[in-house]
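Comments concern the structure below.
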Amino acid sequence: HTPMYFFLEHLSTLDICYSSVITPRAALAFLLGRRSISYKGCASQMFFFSLFATTEAFFLAVMAYDRFTAVCNPLLYPVIMSRRLCVLMVLGSYLSGCINCTIQTGLTLSLSFCGHREINHFFCDVAAVIQASCSNTLVNELVMLAVCGAIIVGTALVVFISYGYIIITIIQMPSVESRHKAFSTCSSHMVTICLFFGTVFFMYAQPGATSSPNKSNIISIFYTVVIPMLNPFIYTLRNREVKESLKKQLKRKGF
């Protein structure tokens with residue numbers, strides 16, 4: 001019942017949701033060859049994927065601030081990270097995700113699609129759908145670059161500033177044990193941040209993001225399938241409290 005696990009609970013839910021939006025449909029395409037998708041199905045997939053992926057970016061920034069407060073202000077941590085603030089942060093992350101996915105999906109669906117169009121991707125990503133349109137897509141590309149770039153750069157700044165203060169605080173700690181304990185509480189989150197922001201920045205926050213679909217397909221596999229699959233292992237195998245709880249459960253079951 002601590003803020004860190006409250007955020008982890010919602011992060012796990014997001015990973016399940018946005019991976020489930022993509023993986024089952026992609027599996028049908030690869031295994032059974034069912035590669036067609038309806039207009040409404042494509043629109044739904046695009047909306048929900050954008051919602052969950054954007055919300056996850058804000059969640060990682062929120063969790064970085066949580067770790068900053070825990071390491072840099074440990075005595076004030078229970079006061080600063082109150083239940084009310086945690087709930088507001090969660091709601092704010094979902095609201096930000098809703099705003100972005102509404103803008104991106106609405107602008108994309110306003111384009112013209114002539115007849116049966118082929119999307120050079122394994123799911124209905126905004127960039128791939130824009131590329132398949134027979135309309136002028138300059139405005140859509142500029143909006144995607146501006147909005148997604150602002151979200152990625154803004155959340156990444158929160159992460160970098162938070163971890164900058166965390167690193168400075170850890171270096172100034174007197175004992176090796178306290179430095180190791182402080183670093184261990186942040187290492188899992190740092191790994192997840194590097195994986196997520198590295199791939200997403202390459203996909204959406206640079207000019208020409210829609211011009212290289214083949215390269216984008218390979219990168220997309222990481223943040224749609226691989227990263228959500230790795231996150232549970234990253235957070236549990238490097239978490240002392242989770243490992244101790246697992247040992248207790250195994251002893252109770254007689255293993």
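Everything numeric here is computed off the predicted structure, so don't read it as measured data.
Taking 4.5 Å as the limit, every side-chain heavy atom of Val21 sits out of range of all side-chain heavy atoms of Phe123. Counting heavy atoms from C-beta outward, Thr2 and Phe7 have side chains that stay 4.5 Å or more apart. Between Met81 and Met4, the closest side-chain pair of non-hydrogen atoms is not below 4.5 Å. The closest side-chain heavy-atom distance from Phe122 to Phe30 is below 4.5 Å. Annotation: side chain of Val126 is not in contact with side chain of Phe49 (no heavy-atom distance under 4.5 Å). Between Met89 and Phe58 there is no side-chain heavy-atom pair separated by less than 4.5 Å. A 4.5 Å side-chain heavy-atom check between Thr155 and Leu60 finds every atom pair outside the cut-off. At least one side-chain heavy atom of Asn73 sits less than 4.5 Å from a side-chain heavy atom of Phe68.
For Ser135 (side chain) and Ser112 (main-chain N/O), a donor-acceptor pair under 3.5 Å exists by modelled atom type. The backbone N or O of Pro78 lies less than 3.5 Å from no partner atom in the side chain of Ser82, so there is not a single donor-acceptor pair. At least one donor-acceptor pair under 3.5 Å links the side chain of Thr55 to the backbone N or O of Leu51.
Within a 6.0 Å radius of CZ in Phe113, more than 12 heavy atoms belonging to other residues, nucleotides or ligands are found.
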*I would like to know whether Thr105 and Leu109 meet side chain to side chain contact (heavy atoms under 4.5 Å, CB included); could you show each step before the answer?*
CA-CA 6 Å; Thr105 308; Leu109 296 182; 3.8 Å; yes
*Evaluate the side chain to side chain contact (heavy atoms under 4.5 Å, CB included) criterion for residues Phe6 and Val87: first the C-alpha distance (whole Å), next the side-chain angles of each, then the deciding distance (0.1 Å), finally the verdict.*
CA-CA 9 Å; Phe6 176 71; Val87 171; 4.2 Å; yes
*asked:* Could you go through Cys124 and Ile119, starting from their C-alpha distance and side-chain angles, then the distance that decides it, and tell me whether this counts as side chain to side chain contact (heavy atoms under 4.5 Å, CB included)?
replied: CA-CA 7 Å; Cys124 286; Ile119 300 172; 3.8 Å; yes
*Check step by step if side chain to side chain contact (heavy atoms under 4.5 Å, CB included) holds for Gln104 and Ile99.*
CA-CA 9 Å; Gln104 299 292 347; Ile99 293 171; over 6 Å; no
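Ring geometry for Phe48 against Phe52 counts as parallel: the plane angle stays under 30°, on a 0 to 90° scale with 60° as the upper cut. The aromatic rings of Phe59 and His10 sit parallel, their planes meeting at an angle under 30°, below the 60° perpendicular limit.
Leu76 and Met173 fall within the same hydrophobic cluster, defined by Ile, Leu, Val, Met, Phe, Trp and Tyr side-chain heavy atoms under 4.5 Å apart, directly or through other members. Residue Tyr65 is grouped with residue Ile161 when hydrophobic side chains (ILVMFWY) are merged at heavy-atom distances under 4.5 angstrom, including chains of intermediate members. The cluster map of Ile, Leu, Val, Met, Phe, Trp and Tyr, joined by side-chain heavy atoms under 4.5 Å apart, puts Leu107 and Ile151 in the same cluster. In the hydrophobic clustering of ILVMFWY residues, with side-chain heavy atoms under 4.5 Å counting as a link, Val62 and Leu91 come out together. Val158 and Ile166 fall into different hydrophobic clusters, where Ile, Leu, Val, Met, Phe, Trp and Tyr side chains are chained together by heavy-atom contacts under 4.5 Å.
Remark: Ile16 CD1 to Leu11 CG distance equals 10.0 Å, nearest 0.5 Å. With rounding to the nearest 0.5 angstrom, the CG atom of Asp125 is 8.5 Å from the OG atom of Ser50. Residue Ile167 holds its CD1 atom at 10.5 Å from SG of Cys72, rounded to the nearest 0.5 Å. We find the SG-CG distance between Cys148 and Asn100 to be 5.0 Å, quoted to the nearest 0.5 Å. Distance check: Met144 CE to Thr137 OG1 gives 9.5 Å after rounding to the nearest 0.5 Å. A distance of 6.5 Å separates SG of Cys86 from CG of Asp66, quoted to the nearest 0.5 Å.
Nearest heavy atom pair, residue Val159 against residue Ala61, reads CG2-CA, 3.9 Å. Taking every heavy atom of both residues into account, Ile37 and Arg25 meet most closely at CA-NH2, 3.6 Å. Nearest heavy-atom pair across Asn140 and Asn136 is OD1-O, 4.4 Å. Taking both residues in full, the closest heavy atoms of Thr169 and Val71 are given as CG2-O, 3.8 Å, listed atom of the first, atom of the second, then distance.
Legend: side-chain hydrogen bond (donor to acceptor under 3.5 Å, both in side chains) pairs involving residues 36-45, not counting sequence neighbours: none detected.
A side-chain donor-acceptor contact under 3.5 Å links Thr23 and Ser19.
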